[in-house]
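Structure record follows, encoded as structure tokens.
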Protein chains: 2
Amino acid sequence: MAVTGPGRPRRGPGMTEVARAAGVSQKTVSRVVNGEPHVSPEVRDRVLRAVQELGYRPNNAARALLLGRYRRIGVVSLGSALYGPSTLLLALERAMHRVGYSFALAGTLEGQPVQVAVEALLEQGVDGIVLSEPIDDGAPLRLSADVPVVSLGEGVEVGQGRSAVVGADGLVAARIATEHLLSLGHRTVWHIPGPHDWWAARDRVRGWREALAAAGAPEPPLPVEGDWSPASGYAAGRQLAGLSDVTAVFAANDDMAIGALRAFAEAGLSVPGDVSVVGFDDIPAAAYLSPPLTTVRQDFTAVADRAVDVLIAMIEGGPAPAERTDIPVELTVRASSGPVREPAPPLR
Amino acid sequence: MAVTGPGRPRRGPGMTEVARAAGVSQKTVSRVVNGEPHVSPEVRDRVLRAVQELGYRPNNAARALLLGRYRRIGVVSLGSALYGPSTLLLALERAMHRVGYSFALAGTLEGQPVQVAVEALLEQGVDGIVLSEPIDDGAPLRLSADVPVVSLGEGVEVGQGRSAVVGADGLVAARIATEHLLSLGHRTVWHIPGPHDWWAARDRVRGWREALAAAGAPEPPLPVEGDWSPASGYAAGRQLAGLSDVTAVFAANDDMAIGALRAFAEAGLSVPGDVSVVGFDDIPAAAYLSPPLTTVRQDFTAVADRAVDVLIAMIEGGPAPAERTDIPVELTVRASSGPVREPAPPLR
DNA sequence: TAGAACTTTGACTACGTAGTCACAAACCTC
DNA sequence: GAGGTTTGTGACTACGTAGTCAAAGTTCTA
């Protein structure tokens, strides 16, 4: 019996109706629509005209049901509007558009395991999944999915499925930022960290540590942990401003750097005169702060492009790449970082 | 014949396999999975156990093909990582999650008509469309879609379909910001506008004009049009700094306000001593700038919730609401705006 | 010019799901 | 205890598409 309840929406014409209009079989319409060979020019024209007239639009659900392929990629995101994550998200959309895939987003709610979002995407139907700005609860992230997964950060264990890792090189970036400050003559560099359950934040801490160790600089204690917000950077900045020997600070993102700048200003410390500050992200406002902020820029477009390319390769049956891919980063030096100030000259 | 080419991915079990395992019919599995009544507890248990064991996951493509409903909403976005748009996007995702819909995103590429993105969403299969941060080329936006459309901004003409408008009240917001500055004693208020093809930008210009007119204040000319970026705000700020009678500036967003602040600082103008500045958005950094920025906050969560509710109502067959919905805004006064400075006192 | 090879077209089918209907069994109601 | 209603279950079907195969027509080859 026909399924035609009252709540059922009108549908557009299908291939069968186009076929009738063009006087051919449904299969021939399928061939024309999909650009398959072995269709005579006249028939192709007739079909295309009918498509035009009827306003035919392919039904992706039917195609997906038949083929088991959706031409859709799911993205799991924390759903924060932070500069990095949102820029990345939009870059992913563009990258998927480029390869003809559509974009489905699932946010993870606080306290919920990532698997919940993955499940939602799988149910909706996706050929692959990108894990953006991932966090974890300490233990390495384990997922179950029957499609390939690309993680933008650390590796993920995916039961039964293939997975790969693509990321901006946060570790190297943090090292570069720290080395920049050390090269200006600072004895050591303090770090305002992001939340420890973010992989990106941990990477930056590690990079900072490595740079200090490599230079033989002492590793100062971490101030209160930030949450990426200017408010948390301000809190950390106040702590640091209270210490006497802080001359260089590397904040895990620009927003926290902004908060720290504010704290230093309120404490009467000049930047970079008394304290040098380096941020992370190169948000558009960075160059227009007072003082303009030295920071590290990640190439989110490159990360997204690479992530999608890797994912598509796996979707099409290729093996998971053995190595992670890291996209290089770039340090932009502005006025907020400068040479260490001479110790107050003795009375002359 | 079975469709089983080599490129075809393995699929999970379907209801039929679950049914076999549980010793019932496929239809009964359907009843259990969808929580329909008239299933005996024992059978329900048996089915649920089989579902668990086999790792059954509903196939949304099949459901959609049958019902013509996707439980998916498409969002058309400009794809800019600006604070407002990205915050809105993520709020939309959450709102859709709340009502059990999934989220599909289509970005409009520069120079391409919005209809292209709409078409992509329709082809992929969505029950409704949200037009976020929309722009137009001067002429009112006309779309063709056979699903309901909610525009977050101005009205859109949708051929054959129903449509509604939900927005933060940018007009009122701009009026409030302007009135705030006038109430501090400024003779008039200058405006740094956003791009004129953004509805939001035009709204703010109109609100500013209305407030000036209502107060009988003269309407100063607009400086160079901004593009929402700090750089463009800086350029406009330099223009304004060169004029002698500028004491109050309302920038169409916080980023441009940041640029303007920088320009004023470089010109030796103090804020708010010489010039008061008000922004728009209340980005997290606004409170930590030097000086902290007076700005207007929009409630994106409320906008998104309302937009999704309205859309769902239309999807479920309801009529399009006749009136647009506007979400109230809130002015946050900080240190960047202050009373007009007394004219330089005559020599005493 | 016979047969092989290719081109063009269509009939048939399956993908996984939920609506419709049929029917048996259990439960009422008076 | 006859008639009616409700409950529980399954058979059958359609949704729109593309793969498979068959068949007729056309061109090429020896």
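Chain A is the first sequence line, chain B the second, and so forth, proteins listed ahead of strands; every chain is numbered from 1. FYI, side chains are in, hydrogens and waters are out, and symmetry mates aren't considered; it's all heavy atoms of this structure. Not measured: the values here are computed from a predicted model.
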State whether R98(A) and D309(A) are salt-bridged, where the test is any N-O pair (Lys NZ or Arg NE/NH1/NH2 against Asp/Glu carboxylate O) under 4.0 Å.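 A salt bridge is present here (some side-chain N lies under 4.0 Å from a carboxylate O).
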Report the distance from atom [atom1] of [X] to atom [atom2] of [N], rounded to the nearest whole Å.
X: E36(B); N: dT20(C); atom1: CD; atom2: P; answer: 11 Å
X: R20(B); N: dG10(D); atom1: CZ; atom2: P; answer: 14 Å
X: R57(B); N: dC15(C); atom1: CZ; atom2: P; answer: 19 Å
X: Q26(A); N: dG16(D); atom1: CD; atom2: P; answer: 11 Å
X: R31(B); N: dT7(D); atom1: CZ; atom2: P; answer: 13 Å
X: N34(B); N: dG16(C); atom1: CG; atom2: C1'; answer: 12 Å
X: Y56(B); N: dG16(C); atom1: OH; atom2: P; answer: 10 Å
X: R69(A); N: dC15(C); atom1: CZ; atom2: P; answer: 18 Å

At under 4.0 Å, does any side-chain N or O of [X] touch on OP1 or OP2 of [N]?
X: N59(A); N: dC15(D); result: no
X: Y70(A); N: dT17(D); result: no
X: R63(B); N: dG16(C); result: no

Closest approach to the side chain of [X], judged atom by atom: which nucleotide of [options] is it?
X: H38(B); options: dA11(D), dT7(D), dT17(C); value: dT7(D)
X: L65(B); options: dG16(C), dG10(C), dT17(D); value: dG16(C)
X: L67(B); options: dA18(C), dG16(C), dG10(D); value: dA18(C)
X: T28(B); options: dT17(C), dA18(C), dG10(D); value: dG10(D)
X: K27(A); options: dG10(D), dG19(C), dG10(C); value: dG10(C)

Here's a test of your reading of the structure: between S25(B) and M15(A), which maps to the more 5' nucleotide of DNA chain D?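 Comparing both residues, the 5'-ward one is S25(B).
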So which one's nearest nucleotide on DNA chain D is more toward 5', N60(A) or R44(B)?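 The residue whose closest nucleotide sits nearer the 5' end is R44(B).
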